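None of the values given here were measured: they were computed from a predicted structure. Position 1 is the first residue of the sequence, and the numbers go up from there.
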Amino acid sequence: MTRRSVPIVDRVTDAFFALDTDFRFTYLNDRAETLLKRSRDELIGRVMWDEFPQTVETQFPDGFHRAMEEQVPVAFEIYHAQLETWFEAQAYPSEDGLSVYMRDVTDRKSKETTIAQHAAVVEAVHDGVVTLDRNREIVTVNAAMEEFLGADRRELCGEHVEIIPELASIANEDAVEIGRAITDVDIGTADRRQLEVPFTDADGVDRMGEFRFVPIEDDTATVAAVVRDVTDQHEYERVAASLHEITRWLLESDDPNEICAIAVHAGSDLLDLPISGAWLLDEEHGYLEPVAGTAGAHDEFGGLPRFHPNEGLVWDVFEAGGVERFDDLEAVDGLYNPETPIRSEIIAPIGTHGVLMTGSLEPHRFDETDVELLSTLTENTRAALDRADRERLLREQTTELQRRTERLEGVANVLSNDLKRQLEAVADALETDGDEHWEFPLAEDSVEPTLDRAERLVDDVREFARNASTVRTRSRVRLDRIVAEAAEASRLDENAVAVDRAATLRADADRLVYLLETAFDDVASRADDDVSVRIGLTGVDDADQPRGFYLADDAREAPPSTIDRLLDPTTEDDAAIDGLGLTLVRAIAEAHDWTLSVETDCETGSRIEIRGVMTLEPATTDEDEESTRRNDRSRNRSRTA
């Protein structure tokens, strides 16, 4: 190195120093002094290995010896720990020694590190990533994209981006949209673009991909394309939308069995749950009754079992009230059938109505998404069953209201016709010509009975109105005593009524008397002078029969043509009975939550049966009689008051 060259070298921004063949310093520029933290005067003439700082010395020897011995230029990178700076060192040999340049490459190293980190991230993500240059040629491809396409990145790099739609069997119209998206991002008309495009993966499986295109700053690439497999998410959204449609079907039905069948088969088809079934709670018997099942369930088990309380997981989950997933039934205790081929299942209660269950012959078949979708299906099924119950109750209430309205219309007709006949009889009598000794023709035999009959009809209407819906406080009464009181008040001879067996029951005593009195009057209206009525009990000795009592008569007169006309007299019934008859009897019975049935026979008479008298018991002790007497006295005082 000559002295004439020193000023030029001194002006360069890179650190520079020169060594002779013994590795002694012969020159350092200002930047080298700063780098080595030693002045020029301290280092000139001294051996590098003796004077160079330890943090740098350990990085230089191999390269410098090679340059000196082989007389070839060398380049390497070193990190100056104290300056926290990366340098690129270049050593040029000559006969006199080495000329060494050191350039600060910290920014470049930082950028390379960042790029390397980004590359590592790109390689680690599950999304497919490719970068493109301005010619739409592929610059880089990550491992996920290789897996999507089933192609090696070495085969893809340098190819035009059109190779991706070809390998992924993307439709032409979608490929055109991809090209437009890349152009929009590349020329800056859009910051980013996103498309959902169907494609076929390397295994030939149809998938749904979310393609995102973003600009990048790179020496070669200008656009990055990120492809995410959203098949599961897309399928979930499709299934969720379909569940809303199924909900509409569920809510259109008012039959619980049909609702469960829709839910089960929808789950089978839509959620791919081939072994599924639904059970509804039989409230009368207290067990879960199978009402719907898939073909797969019937093929596998030949039918679905009935679950009684504490029988198996289905009942346990129903009672607990929360959805349960069982990944491996071989590790679960309390199975209904320990030999079941089912290995995993989800059991979802349908509110308090029952359960929906789906199973698989494979363990760990279901995940949280299956649980969520099945929960949605069962919740919609519960809403449909709730609605069906409400509509059933509304229909029953509407039917009952209509029935009561028809009864009231019948009552009005009876009242109108009966009173009309009485008034017509009086009018006919008044129109009859008489002599000077004329007297009112109904005075002795007709006026009093007519007025009695009109009064009784008014009483019946009043009694019907107050008995049609409710009764007062019930008390314990003796049936035989109530019968005797009713017979005495009726138009039957007291001796015509016989009680087979004494019994007690709880009832509104006044109304029960009126029920029997009205029934006896009905018998009297259909009988000759000689008639008998027998009172008997049912169900007290035979648990298979409903508890109650009956009135059997031997009236010979032909009854109305149908039971409905017997219970609900109308204007078409010319042979009107005295008062409201059995219409009132039925109203009082139903107000007690009892049921009334009538059997008639032209030859043997009729049988009126009151059923559902759950408190009916045979009277067997004197204590029962005394208790009944006290109740009778209390009732009489109440009536007097």
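A distance of 11.0 Å separates CD in Glu173 from CD1 in Ile178, rounded to the nearest 0.5 Å. The CH2 atom of Trp315 lies 5.0 Å from the CG atom of Leu288; values are rounded to the nearest 0.5 Å.
Checked by atom type and distance alone, the side chain of Asp184 never pairs as donor or acceptor with a backbone atom of Ala181 at under 3.5 Å. Side chain of Thr294 to main chain of Pro274: a donor-acceptor pair is present (N/O by atom type, distance under 3.5 Å, no hydrogens or angles). With hydrogens and angles ignored, the 3.5 Å screen pairs a side-chain donor or acceptor of Glu146 with a backbone N or O of Arg153. Using a distance-only test at 3.5 Å, with no hydrogens or angles considered, no donor-acceptor pair links the side chain of Asp282 to the main chain of Gly286. Listed for the Thr34 side chain is a donor-acceptor partner under 3.5 Å among the backbone atoms of Asp30. Judged purely by atom type and a 3.5 angstrom limit, Arg325 has no side-chain atom pairing as donor or acceptor with the backbone of Ile346. For Thr378 (side chain) and Ala348 (main-chain N/O), no donor-acceptor pair under 3.5 Å exists by modelled atom type. Glu88 places no side-chain N or O within donor-acceptor distance of the main-chain N or O of Arg103, the cut-off being under 3.5 Å. Under the 3.5 Å distance criterion, the side-chain polar atoms of Asp152 are matched with a main-chain donor or acceptor of Arg154. Under the 3.5 Å distance criterion, the side-chain polar atoms of Thr200 are left unmatched by any main-chain donor or acceptor of Asp206.
Using a 4.0 Å cut-off between charged nitrogen and carboxylate oxygen, Asp14 and Arg31 do not count as a salt-bridge pair. Under a 4.0 Å N-O distance rule, the pair Arg212/Asp127 qualifies as a salt bridge. A salt bridge is defined here as a Lys NZ or Arg NE, NH1 or NH2 lying under 4.0 Å from an Asp or Glu carboxylate O, and Arg180 with Glu177 meets this definition. Taking the charged nitrogens against the carboxylate oxygens, Asp386 and Arg390 have no contact shorter than 4.0 Å, which rules out a salt bridge.
Ring centroid separation for the pair Tyr336 and Phe307 comes in under the 6.0 Å cut-off. A ring-centre distance under 6.0 Å is found for Phe25 and Phe17.
Annotation: side chain of Phe199 is not in contact with side chain of Thr231 (no heavy-atom distance under 4.5 Å). Taking the side chain as every heavy atom from C-beta outward, Phe148 and Leu167 never approach each other to under 4.5 Å. Contact of the Phe23 side chain with the His65 side chain is registered, since non-hydrogen atoms from C-beta on lie closer than 4.5 Å. When side chains are defined from C-beta on, Tyr287 does not count as touching Glu311, because their heavy atoms never get closer than 4.5 Å. Contact annotation: the side chain of Val323 approaches that of Val371 to within less than 4.5 Å [non-hydrogen atoms, C-beta and beyond]. For the pair Glu289 and Leu280, the minimum side-chain heavy-atom distance is 4.5 Å or more. Between Gln90 and Met102, every side-chain heavy-atom pair lies at or beyond the 4.5 Å cut-off. You'll find the side chain of Ile347 reaches within 4.5 Å of the side chain of Phe326, heavy atoms only.
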Chi angles and distances behind the salt bridge (charged side-chain N to carboxylate O under 4.0 Å, His left out) call for Glu362, Arg365: CA-CA 6 Å; Glu362 304 173 4; Arg365 161 65 175 77; 5.4 Å; no
Side chain to side chain contact (heavy atoms under 4.5 Å, CB included) between Ile163 and Leu156, worked out: CA-CA 8 Å; Ile163 193 174; Leu156 296 174; 4.1 Å; yes
Residue pair Leu28, Phe16: steps toward the side chain to side chain contact (heavy atoms under 4.5 Å, CB included) verdict: CA-CA 6 Å; Leu28 294 88; Phe16 173 79; over 6 Å; no
Kindly determine whether Met68 and Leu98 satisfy side chain to side chain contact (heavy atoms under 4.5 Å, CB included), including the steps that lead there. CA-CA 7 Å; Met68 191 76 77; Leu98 289 176; 3.6 Å; yes
Could you please spell out the steps behind the side-chain hydrogen bond (donor to acceptor under 3.5 Å, both in side chains) verdict for Thr106 and Asp104? CA-CA 6 Å; Thr106 303; Asp104 185 345; 2.8 Å; yes
Side chain to side chain contact (heavy atoms under 4.5 Å, CB included) between Glu330 and Arg343: does it pass, once the steps are laid out? CA-CA 7 Å; Glu330 289 189 353; Arg343 290 293 305 278; 3.6 Å; yes
Take Thr222 and Asp186 through the test side-chain hydrogen bond (donor to acceptor under 3.5 Å, both in side chains) and record every step on the way to the result. CA-CA 7 Å; Thr222 60; Asp186 191 22; 3.3 Å; yes
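Heavy atoms from other residues, nucleotides or ligands lying under 6.0 Å from CZ of Arg387 number more than 12. Atom CZ of Arg46 has 12 or fewer neighbouring heavy atoms from other residues, nucleotides or ligands inside a 6.0 Å radius. Residue Asn135 places its CG atom among more than 12 non-hydrogen atoms of other residues, nucleotides or ligands, all under 6.0 Å distant. Few gaps surround CZ on Arg395; more than 12 heavy atoms of other groups in view lie less than 6.0 Å from it. Residue Glu147 qualifies as open at atom CD: its count of foreign heavy atoms under 6.0 Å is 12 or below. By the 6.0 Å contact criterion, CD on Glu396 is enclosed, its count of non-hydrogen atoms from other residues, nucleotides or ligands being greater than 12.
Using the six-membered ring where Trp is involved, Tyr101 and Tyr92 have ring planes that are perpendicular, over 60° apart on the 30 and 60° scheme.
Of the residues Asn380, Ile259, Thr381, the one that meets the side-chain contact (heavy atoms from CB on, under 4.5 Å) test with Ile350 is Thr381.
Shown here for Asp316 and Asn310, the closest heavy-atom pair between the two residues is OD1-CA, 4.3 Å. Nearest heavy atoms, Ala221 versus Thr131: CB-CB, 3.7 Å. Closest of all the heavy-atom pairs between Val139 and Cys157 is O-SG, 3.4 Å. Leu313 approaches Asp333 most closely through the heavy-atom pair CD2-O, 3.9 Å. The shortest heavy-atom contact between Ala224 and Ile216 is CB-CG2, 3.7 Å.
Side chain to side chain, Ser39 and Glu33 fail the donor-acceptor criterion of an N or O pair below 3.5 Å.
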